[in-house]
Amino acid sequence: MHRFANPARFLKIANAVLPWAAGLSAVCFVAGLYLGLVASPPDYQQGDTVRIMYIHVPAAWMSMFTYSTMAVAAAAALVWKHPLAEVYAKAAAPLGAGFTALCLLTGSLWGAPMWGTWWVWDARLTSVLVLFFLYLGYMALVDAFDDPARGNKAGNILLLVGAVNVPIIKFSVEWWNTLHQPASVFRLGGPTIAASMLWPLLLMAVAFQSYFFAVVILRIRAGLAARRVQTLRLGQAG
Amino acid sequence: MTSSSPFTGRDLLCLRGGRLVFQDLDFTLAAGGCLTLVGPNGSGKSTLLRLMAGLLKPLRGTIAWDGVALAQDPEAHRARLHYVGHLDAVKASFTCREILSFWAGVRGVADRAAVDRALAAFAIDTIADVPGRFLSAGQRRRLSLARLVAAPAPLWLLDEPTVGLDRASVALLEGAIARHRADGGRVVLSTHIDLATPGGAVLDLAAFAPAEDDEDGAEDAA
Amino acid sequence: MLRLILRDLRLVLRQGSDATAALMFFVLCVVLFPFGVGPEPNVLMRIAPGVLLIAALLAALLSMERLFQGDFEDGSLELLLLSPLPAEGVAVAKVAAHWLVTGVPLMIVAPLLALLLRMPVDQLGLLVGTLALATPLLSLIGAVGAALTLGARRSGVLLPLLVLPLYIPVLIFAAAGLDAGLSGLSPRPHLLLLGGMLCGALVLAPLAIAAALRAAHE
Amino acid sequence: MDGFLSMGGYAAYVWSSYGAAALVLVGLLVLSLTGLRRVERTLATLEAAKPRRKREPKVGPVPTASPATETAP
């Protein structure tokens, strides 16, 4: 079996990484927030609303990053029968959904001052909305079975089906968007980013990424412990 | 009908729902043989039968037919087996003959005579045109068993075939098994009543249950 | 495989519940729209493609939950997976039966309903053509969802959540094709993309369905 | 200071964005931690309740306090 197949070895490494990830995340958040909110100038066009970008862009990046890593984990679980892969996918799903929801929320909050409406059918925002439903679908499917292993297996297949469909959905939404050209030409993400704004953005991106690793390790430990509980309960019944 | 190619299983280990069901289990079944699985509930009789059918894959160990592992050619293995599980696959709105000729057809047997012979073999030729919804449990089980006779297949995997059968029907089943084995076929069945299978081997699964404190083997073996 | 399709068709003719339910839903759903949106002809014509396609999509979804459920509960599906027929063959047969039972009647009724929505008569041919490409896609993708939720609790609620996001590209290209037809442009690019997706789904969906069916019997 | 708070007149949008971010991130963290505590507590009780432990009791995956112990394969 794969070197990481033994949960104990994975847990030892994970727990070594955990404090570093948590620490890095805390430091980057503090630095990123300070630079983003205080030290960087407002945008000449958007004014201070540009500061929403420091949350919106990392959240968008994390929502796509999480889903692609979950799809890779699903492939690893289905093809190489790697037992830890599906524990990771199930652990990462709520985080991905959280990032996607945050991205949608901050997207509309950022767009609202510009056009006075809370939702804009912008191609990227719409794709993120669909991605959010893919997350909800996966989480609902995984918990819809009495036998967790059955739920994980179905979830893995759904993730692969989803992974094949995400590019198609993205393309079709962009195609649909160009057909119904929205009134304004405002593209979320704004003009090329000035250096002073780039630093807070990178810091916040690292903060989000390390936050993700820290929390997903916690959730994986919980997942492994839950699997042990289930095995022991079956043992009692057996 | 079949060569003497042995149907073997070597140090099988199987997990169900994270729990170790059995380990280091071996079996050999030659042509004409019959293997009766016995053991308490939950000892893995159904699991082993599903492993033999290829529905399940063992975590360790291999099952082979004439030296060729099942995973190598699952389609060929499926073509050579009949599996009778707890459910009888009887459609309410189809008559017995329609159901049986469908299942025989799926295995490439199209002529009506074979279907009628199978219906007669399990004494359901009298109700051949009765729709499934009117059948009793015993009749449904006999219809399911009639599939064994309708389309020939060397390996029969029967999971508690006698459930719901009366004394006369059990005799019919014993006759069918004897005829099948005489033709060189082989049978693996799990049962709680003593079924007459002269010269058949018995595999007590309790002997392969995981040792009590070795329960955590499941975690590390996974 | 043909034998399985014929059996399913005969099964539906004898029980007949699912087919007509999906068709009735499609008709009623479309008929409701004028009451909600008002009988204004050019408004109805403007939304007709979207209404017809969304109603077709939901009708397909309605009859999808029972696709494997019946055979799963009485053990037929297990026997089919153990038959010489490969699981992908069983999947294709089931999807073909579903398409013949729900997709084709939809395509027959759709032009009549389009007239209700004041669609110009010369667009009806395009409508049927678009549905001819879209309905098999709906059956294929929906069947993946049906196989995945086999044996799940509350699969009635779960199935739409899984399948509707995957239906979005089909809806976009089909509606775009019909819109192009209405506004006098050529629907060719949209229908070609729809056809491309159909070819992709014809190959990939049965693989996913077969994997899901096997997972349901482990 | 109030210039900072008013965010050039867009205070509502900017602060609610950061508020939402805090809510989601801290919320997920708290949920994950409580979930982990709960599962590990039930695991500890189950591990303790296991009868007939011949070998030295195998420690559950990881009580957060003590370092991880290698589970004998």
Side-chain angles (χ1 to χ4, degrees), chain A residues 6-9 11-16 18 22 25 29 33 36-38 42 46-56 58-59 91 94-95 97-99 101-102 105-106 109-113 204 207-208 211 214-219 221-226 228-229 231-233 235-236, chain D residues 1-53 57-73:
Chain A
N6 178 338
R9 189 170 306 120
L11 281 173
K12 194 154 32 132
I13 294 167
N15 286 302
L18 185 58
S25 172
F29 263 122
L33 287 174
L37 288 173
V38 177
Q46 306 165 30
D48 283 284
T49 57
V50 76
R51 298 186 197 286
I52 299 177
M53 169 176 70
Y54 302 134
I55 299 285
H56 179 70
L95 295 176
F99 289 132
L102 190 56
L105 198 60
T106 50
L109 278 171
W110 190 6
M204 288 301 275
F208 269 71
Y211 164 90
V215 178
V216 89
I217 286 175
L218 288 178
R219 296 187 66 83
R221 269 174 42 194
L224 285 174
R228 281 290 293 140
V229 165
T231 310
L232 290 176
R233 286 243 166 76
Q236 282 171 339
Chain D
M1 185 52 188
D2 58 357
F4 169 74
L5 280 185
S6 74
M7 275 293 158
Y10 296 112
Y13 303 108
V14 176
W15 290 120
S16 42
S17 299
Y18 280 80
L23 194 70
V24 168
L25 295 180
V26 170
L28 282 172
L29 180 63
V30 165
L31 279 174
S32 306
L33 276 173
T34 47
L36 180 60
R37 288 282 173 282
R38 198 163 18 83
V39 169
E40 286 195 331
R41 215 176 308 117
T42 38
L43 183 62
T45 46
L46 276 173
E47 286 285 338
K50 252 177 88 59
R52 294 191 306 286
R53 296 294 300 129
K58 187 172 80 59
V59 178
V62 175
T64 43
S66 70
T69 53
E70 175 68 39
T71 44

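Below, chain A is the first sequence line, B the second, and so on; all start at residue 1.
- Shown here for I52(A) and T106(A), the closest heavy-atom pair between the two residues is CG2-O, 3.6 Å.
- The greatest number of non-hydrogen atom pairs below 4.5 Å with chain D, out of A214(A), A226(A), P113(A), is found for P113(A).
- Residue pairs meeting the side-chain hydrogen bond (donor to acceptor under 3.5 Å, both in side chains) criterion with at least one member in residues 27-36 of chain D, sequence neighbours excluded, are R219(A)-S32(D).
- Only the side chain of L105(A) comes within contact range of chain D, judged by heavy atoms closer than 4.5 Å.
- For L25(D), the parts lying under 4.5 angstrom from a heavy atom of chain A are both the backbone and the side chain.
- Per-residue counts of heavy-atom pairs under 4.5 Å with chain D were compared for V216(A), V215(A), L218(A), L33(A); the largest is that of L218(A).
- Every residue two or more places apart in sequence or in another chain that forms a ring pair (Phe, Tyr, Trp, His ring centres under 6.0 Å) with F208(A) is listed here: F29(A), F99(A).
- Between chain A and the residues S16(D), A12(D), G35(D), the most heavy-atom pairs under 4.5 angstrom are made by S16(D).
- For the pair T45(D)/R41(D), no side-chain contact is recorded, criterion being any heavy-atom separation below 4.5 Å from C-beta on.
- Proximity to chain D is absent for every atom of L18(A), based on heavy atoms less than 4.5 angstrom apart.
- Minimum interatomic distance between G98(A) and V24(D) (heavy atoms only, all atoms of both residues): O-CG1, 3.8 Å.
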